[in-house]
Every structure is written in C-alpha cells, then in structure tokens.
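First the structure, in the form of structure tokens, and then the observations on it.
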Amino acid sequence: MIFLQLFYTFFKIGLFGFGGGYAMISMIQGEVVTRHEWLSSTEFTDIIAISQMTPGPIGINSATYVGYSAVVNAGYSHAIGVLGSTVATVSVVLPSFILMVLISKFFLKYQKHPIIASVFKGLRPGVVGLLAAAALVLMNGENFGTYNWQILTSILLFGGTFIASYRYKINPILLIVICGFIGYVTFGYILTPQ
C-alpha cells in the first residue's frame, strides 16, 4: 500500500537525513524518483523549486508535496492525496522529534565531552558531502536548460544571484522574482525554439 511505503520511506529519510533539508534532497530524489518511481525527474525538480520558495524547512515542504503527488499519480483522488502529504510530512518529522526527546537531557549534560565533540566533528564533512550531492542532483536539464544559450543564461543567473545575495545583501524574495521573470522570458515560450 502506498501509504505504508510513504511512511517507511520518509521515516527513513527523516532518520538518516543529517544536515537538514538540503542534505535530504538527494535522499528524497533517490527514493521517490529512482527507487519507487513515484515522480519523474521533471516533477521532482518542480517540487524542489516550490519547496524552496514556500515558508518552512525544505525537507518538510518536499515531503508534503511528494506525498501528495505520489498518491495522486498512483490514481487516488486529490482528497486522498492530502492524506498522502500528511503521512509523508509526519513521517519525515517523527524521527527528529523522537530523537530530540530522547537525547535532549543527555546532550546538554554531555555536549562538552570529548567523545561527543569528536562525533560532531565527524558528522560535519558528511553533511557537506550530502549538501554537495543535493547540488549535483539539481544540476540537470530541467534546471539549466538543454540549449547552450539556456545553460549560459542559467550559469549567469546563478553567478549574479550569488553575488547579489552574498556581497550586496539583496533581499532573496526580490532575487527570486527577478530570476523568475528572466527565466520566463528566456526559457518560456517567448524565446524557446518550437
């Protein structure tokens, strides 16, 4: 049954998704696109874009959208799709909730202990690796285009947005709106060859 598969899949992602939502993206993509084939690569890319723009953690937003889309794509109604999004969302949050309740007492007491400090030093490179894997997952034709001019435009947008955000501290919402407009003009029906 798809609801049990959603629960198991997102519980596992929530349990092993160290590093937050962006680190979970490659895990979610591997499970929902490659392993279970609930979504196509294009649908997954769209879900990630929507999850980045909506308020809240990207891992939870992604789970919500994936749960809904997977159930609807499996042939269920949109009302049942809401149940799928609920199952995926609760199951991705549940491991963190359980672990935080269990370790909160011990962490405050032992956070300065050398063994605990060593464990966290070991986790940091793994988290960076997961973030790099998430970035590589999103470097595809759906995000960068298939024509040379689209790829060049995507790279210029990335570079310009990075500089505008990092150096000039321009509001991210304004950057999203500007990039969305440029994307519509360059990648939409206006300039794309038919």
Practice problem: Identify, with sequence neighbours excluded, every residue that meets side chain to side chain contact (heavy atoms under 4.5 Å, CB included) alongside Leu99. | Solution: Leu15
Quiz item: Would Phe7 and Met27 show up in the same hydrophobic cluster when neighbours are defined by side-chain heavy atoms closer than 4.5 Å?
Solution: yes
Quiz item: Considering all heavy atoms of both residues, which atom of Ser62 and which atom of Ile28 are nearest to each other, and what is their separation?
Solution: CB-CD1, 4.0 Å
Practice problem: Quick one: name the residues clustered hydrophobically with Leu152, using the 4.5 Å side-chain heavy-atom rule over I, L, V, M, F, W, Y, and just say none if it's on its own. | Solution: Leu156
Quiz item: What residues join Leu4 in its hydrophobic cluster, counting side-chain heavy atom gaps under 4.5 Å, either direct or through other members?
Solution: none
Quiz item: Is the side chain of Asn61 donor-acceptor paired with the backbone N or O of Pro55 at a distance under 3.5 Å, no angle test?
Solution: yes
Quiz item: In chain order, what residues pass the side chain to side chain contact (heavy atoms under 4.5 Å, CB included) check against Glu31, with sequence neighbours excluded?
Solution: Thr9, Lys12, Ile13, Arg35, His36
Quiz item: Looking only at heavy atoms, which two atoms of Ala133 and Ser26 are closest? And how far apart?
Solution: CB-OG, 3.9 Å
Quiz item: Taking only residues two or more places apart in sequence, or in another chain, which ones meet Ala74 in a side chain to side chain contact (heavy atoms under 4.5 Å, CB included)?
Solution: Ile2, Tyr76
Quiz item: Going only through I, L, V, M, F, W and Y residues with side-chain contacts under 4.5 Å, is there a path from Phe97 to Tyr8?
Solution: no
Practice problem: Return yes when atom CD1 of Ile173 has more than 12 non-hydrogen atoms of other residues, nucleotides or ligands closer than 6.0 Å, and no otherwise. | Solution: no
Self-check item: Members besides Phe158 in its Ile/Leu/Val/Met/Phe/Trp/Tyr cluster (side-chain heavy atoms under 4.5 Å)
Solution: none
Quiz item: Is it the case that one hydrophobic cluster holds both Val92 and Val127, taking links as side-chain heavy atoms less than 4.5 Å apart, direct or via other members?
Solution: yes
Quiz prompt | Over 12 foreign heavy atoms within 6.0 Å of CD1, Ile115 | solution = no
Self-check item: Fellow cluster residues of Met53, listed by chain then number, with links counted only when side-chain atoms sit under 4.5 Å apart
Solution: Ile176
Quiz item: What pairs of residues pass the side chain to side chain donor-acceptor pair (under 3.5 Å) test when at least one of them lies in residues 153-164, not counting sequence neighbours?
Solution: none
Practice problem: Evaluate the side-chain proximity of Ser77 to Ile80: yes if any heavy-atom separation is below 4.5 Å, no if none is. | Solution: yes
Quiz prompt | Phe120: partners by ring pair (Phe, Tyr, Trp, His ring centres under 6.0 Å), with sequence neighbours left out | solution = Phe107
Self-check item: Residues that Ile178 engages under side chain to side chain contact (heavy atoms under 4.5 Å, CB included), provided they are two or more places apart
Solution: Leu174, Ile182
Quiz item: Which pair of heavy atoms, one from Cys179 and one from Leu157, lies closest together, and at what distance?
Solution: SG-CD2, 3.9 Å
Self-check item: Phe11 side chain near Leu94 side chain, heavy-atom distance below 4.5 Å
Solution: yes
Practice problem: Answer yes if Phe3 and Val90 sit in the same cluster of Ile, Leu, Val, Met, Phe, Trp and Tyr residues linked by side chain heavy atoms under 4.5 Å apart, and no otherwise. | Solution: no
Practice problem: Give, for atom CG of Leu6 and atom OG1 of Thr86, the distance between the pair rounded to the nearest 0.5 Å. | Solution: 11.0 Å
Self-check item: Closest contact, heavy atoms only, Ser91 versus Phe10
Solution: OG-CB, 3.2 Å
Quiz item: Does any pair with a residue in residues 164-175 pass side chain to side chain donor-acceptor pair (under 3.5 Å), and if so which ones, sequence neighbours excluded?
Solution: none
In a table with atom names and distances, give each donor-acceptor pair under 3.5 Å that connects a side chain of residues 63-73 to protein atoms at least two apart or in another chain.
{"residue": "Thr64", "atom": "OG1", "partner": "Ile60", "partner atom": "O", "Å": "2.9"}
{"residue": "Thr64", "atom": "OG1", "partner": "Thr89", "partner atom": "OG1", "Å": "2.5"}
{"residue": "Tyr68", "atom": "OH", "partner": "His78", "partner atom": "ND1", "Å": "2.5"}
{"residue": "Ser69", "atom": "OG", "partner": "Tyr65", "partner atom": "O", "Å": "3.0"}
{"residue": "Asn73", "atom": "ND2", "partner": "Trp38", "partner atom": "O", "Å": "3.3"}
{"residue": "Asn73", "atom": "ND2", "partner": "Glu43", "partner atom": "OE2", "Å": "3.3"}
{"residue": "Asn73", "atom": "ND2", "partner": "Ser69", "partner atom": "O", "Å": "3.3"}

Practice problem: Quick one: closest heavy-atom pair of Pro125 and Gly122, and the distance? | Solution: CD-O, 3.3 Å
Quiz item: Same cluster or not: are Val93 and Val32 linked, directly or through other Ile, Leu, Val, Met, Phe, Trp or Tyr residues, by side-chain heavy atoms under 4.5 angstrom apart?
Solution: yes
